There are 2 protein chains.
Amino acid sequence: MPDRRARKPHYSIDVVLLTPVRGQLAVLLCRSPEGRDKWSLPWEGPRPGEALDVTAARITKGILGEDAVWREQVGAFGDGKRHPADTDLSVGFAGLIPMGTPSPVGGVYAWFPLADVPQLAPRQRQVLDSAILMIRGRMDQSPVAFRLLPQTFTLTELQQMYELLLAKRLHKASFRRALQGAWLVEPTDEWRSEGRGRPAQLYRYSPRKRRPAQRGIRLDLLS
Amino acid sequence: MPDRRARKPHYSIDVVLLTPVRGQLAVLLCRSPEGRDKWSLPWEGPRPGEALDVTAARITKGILGEDAVWREQVGAFGDGKRHPADTDLSVGFAGLIPMGTPSPVGGVYAWFPLADVPQLAPRQRQVLDSAILMIRGRMDQSPVAFRLLPQTFTLTELQQMYELLLAKRLHKASFRRALQGAWLVEPTDEWRSEGRGRPAQLYRYSPRKRRPAQRGIRLDLLS
DNA sequence: TGACAATAGTTACGACTGGTGACTAATTCG
DNA sequence: CGAATTAGTCACCAGTCGTAACTATTGTCA
């Protein structure tokens, strides 16, 4: 957390850390010292000579003990909206935390499901919204969903993670067909029985090189 | 251009302005006062209370007299690479300038085809490369190509603009079929004869509302 | 123990998409 | 007129995607 005795930094690095909690995406917030019910994204000022993503990694490690398994810059936010750091500019980062990572103790930090995020400073709200949109857009370009799962997982778990991140239902057969074509996972020889029903085979993430898969133009998505 | 008598700003806004020049994408650079053959992206420090994109618009208008027809933030760049502003941080913007916009006179600014860009400060080179990648990625989400053409255009011109931006050849029939399905253009009743060959019908950009076009997941593009 | 529910995994079919070459249409040039 | 050149369309085919129905394997309960 920021050292409040230091003088005001010129800009802040804000991190949006996401993890699945009970079937929902949750973001890590930290309690503001100003009020008991005021929360904010974790942030810090820069250190001289430190790259932006290194700062984001340092913040993450300082809170959770581990760095995020995936991180990407969301952008710079600077219109005059209020921010706890009282700086002109904030640089946002999004990071994914694998499920099962132990939560920080002490009551200063807490995971909030996206639907229950309390009021934030306007600029931080912007960072959060942009981070979610950015991750949704990265889903089909970067294997982010695997990063949130343990080393081995069932295909149903993987599908549920995709559904969680995309916020929409997927069809089982289509999902597995696409997965097959993408050569992203390989089966292990283990199976897991989860209560009733047929046991599920465990898979591991293991991307293989494939054909460049150059498809044509898609004007579908244009506004 | 930056006022060099002002004290060093805390960060800079750098703009990547692109326009088609003789069948190539070109970027606007400005001659550095330090050396005759030193060039840089246009940049300025922030003004208090001014939003980031407003600064980018101000820089553009100051040089070309007109704002860009499309603009998007590229991101924040802050690892210790050198930059003419000597700041810790730079925020990059990409902007598109329609073809036919009068070039600035005076020899301070010049358009460089992307293949012939001279050496830049390392951080500005990063901004430029990221801007190109960002625009390529936006091609199928935002109707950027239309922004570079005049009000009316032939479909061949539109296709050539797409090929320029994507840096790859497209098949005529596929392109037109996709265009048809996207409901993005409507024909005018004018035709243009360009030397030899059958005259081409002129079209105008006129997006219509369409079905949401929700397709399944595409894992094709994953690494 | 046997029927049933629940979950995993596969198969098949039809609609649609995208790449492609070949076709027609309209104009200029010699 | 006929060849060359550019615009625009058509039709075929391979592949992809949405979908329902199917099989497979387990636990539960009468």
Side-chain angles (χ1 to χ4, degrees), chain A residues 23 139-141 149-150 152-164 166 168-204 210-222, chain B residues 23 139-141 149-150 152-163 166-204 210-222:
Chain A
M139 291 289 306
D140 56 354
Q141 295 165 40
L149 291 168
T152 63
F153 45 83
T154 70
L155 294 190
T156 301
E157 287 169 343
L158 180 60
Q159 178 177 342
Q160 285 167 346
M161 192 59 69
Y162 266 91
E163 291 175 339
L164 191 59
L166 293 171
K168 77 174 176 188
R169 297 294 312 268
L170 300 175
H171 203 276
K172 183 171 54 162
S174 297
F175 180 76
R176 292 177 184 220
R177 193 200 299 130
L179 207 55
Q180 176 109 5
W183 291 89
L184 286 174
V185 298
E186 68 177 12
T188 69
D189 48 4
E190 292 178 279
W191 297 72
R192 179 197 296 161
S193 187
E194 199 97 46
R196 267 196 277 279
R198 171 176 170 174
Q201 189 166 16
L202 292 178
Y203 286 75
R204 78 165 61 89
R210 288 165 300 127
R211 65 192 188 288
Q214 52 177 8
R215 290 183 62 100
I217 31 161
R218 295 186 57 79
L219 299 174
D220 285 25
L221 309 170
L222 262 57
Chain B
M139 290 289 307
D140 56 353
Q141 295 164 42
L149 291 169
T152 63
F153 46 83
T154 70
L155 295 189
T156 302
E157 288 169 343
L158 180 61
Q159 179 178 342
Q160 284 166 348
M161 192 59 69
Y162 266 90
E163 291 175 339
L166 292 171
K168 77 174 174 188
R169 299 292 313 268
L170 300 174
H171 197 277
K172 184 171 53 162
S174 297
F175 180 76
R176 293 178 182 219
R177 192 200 299 129
L179 206 55
Q180 175 107 7
W183 292 90
L184 286 173
V185 297
E186 68 178 10
T188 69
D189 48 5
E190 292 178 279
W191 298 71
R192 179 196 295 161
S193 187
E194 199 97 44
R196 277 190 274 282
R198 171 175 171 174
Q201 189 165 16
L202 292 178
Y203 286 75
R204 79 165 60 87
R210 290 165 300 128
R211 66 191 187 288
Q214 51 176 7
R215 288 182 63 100
I217 31 160
R218 297 185 54 79
L219 299 173
D220 285 25
L221 309 171
L222 260 59

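A, B, ... follow the sequence lines: proteins, then strands. Residue 1 opens every chain. Given the structure is predicted, the values throughout are model-derived calculations rather than measurements. Side-chain atoms are counted along with the backbone in the values below, which use heavy atoms only and exclude waters and symmetry mates.
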Closest non-hydrogen atom pair, A:T152 against A:R192: O-NH2, 4.2 Å
Can you tell me if the side-chain N/O atoms of [X] get under 4.0 Å from OP1 or OP2 in [N]?
| X | N | answer |
| --- | --- | --- |
| A:S174 | D:dG18 | yes |
| A:R177 | D:dT16 | no |
| B:T156 | D:dA7 | yes |

Tell me: [atom1] of [X] to [atom2] of [N], nearest whole Å?
| X | N | atom1 | atom2 | result |
| --- | --- | --- | --- | --- |
| A:L158 | C:dA8 | CG | C1' | 15 Å |
| B:F175 | D:dG8 | CZ | C1' | 14 Å |
| B:W191 | D:dA7 | CH2 | C1' | 8 Å |
| A:L170 | D:dA20 | CG | C1' | 17 Å |
| B:Q201 | D:dT9 | CD | P | 8 Å |
| A:L155 | D:dT25 | CG | P | 17 Å |
| A:R176 | C:dT7 | CZ | C1' | 10 Å |
| B:L202 | D:dG8 | CG | C1' | 14 Å |

Reported CD-to-OG1 distance for the pair B:E194 and B:T154, which is rounded to 0.5 angstrom: 7.5 Å
Value rounded to 0.5 Å, distance of CZ in A:F175 from CZ in A:R169: 12.5 Å
4.5 Å side-chain heavy-atom contact, B:Q159 and B:T156: no
Any side-chain heavy-atom pair of B:Y162 and B:L170 under 4.5 Å: yes
Short side-chain to backbone donor-acceptor contact, B:Q201 and B:T188, under 3.5 Å: yes
Nucleic acid footprint by protein, nucleotides 22-30 of chain C - heavy-atom cut-off 4.0 Å, B for base, S for sugar-phosphate alone: ---BBBSS-
A:Q180, CD: over 12 other non-hydrogen atoms inside 6.0 angstrom: no
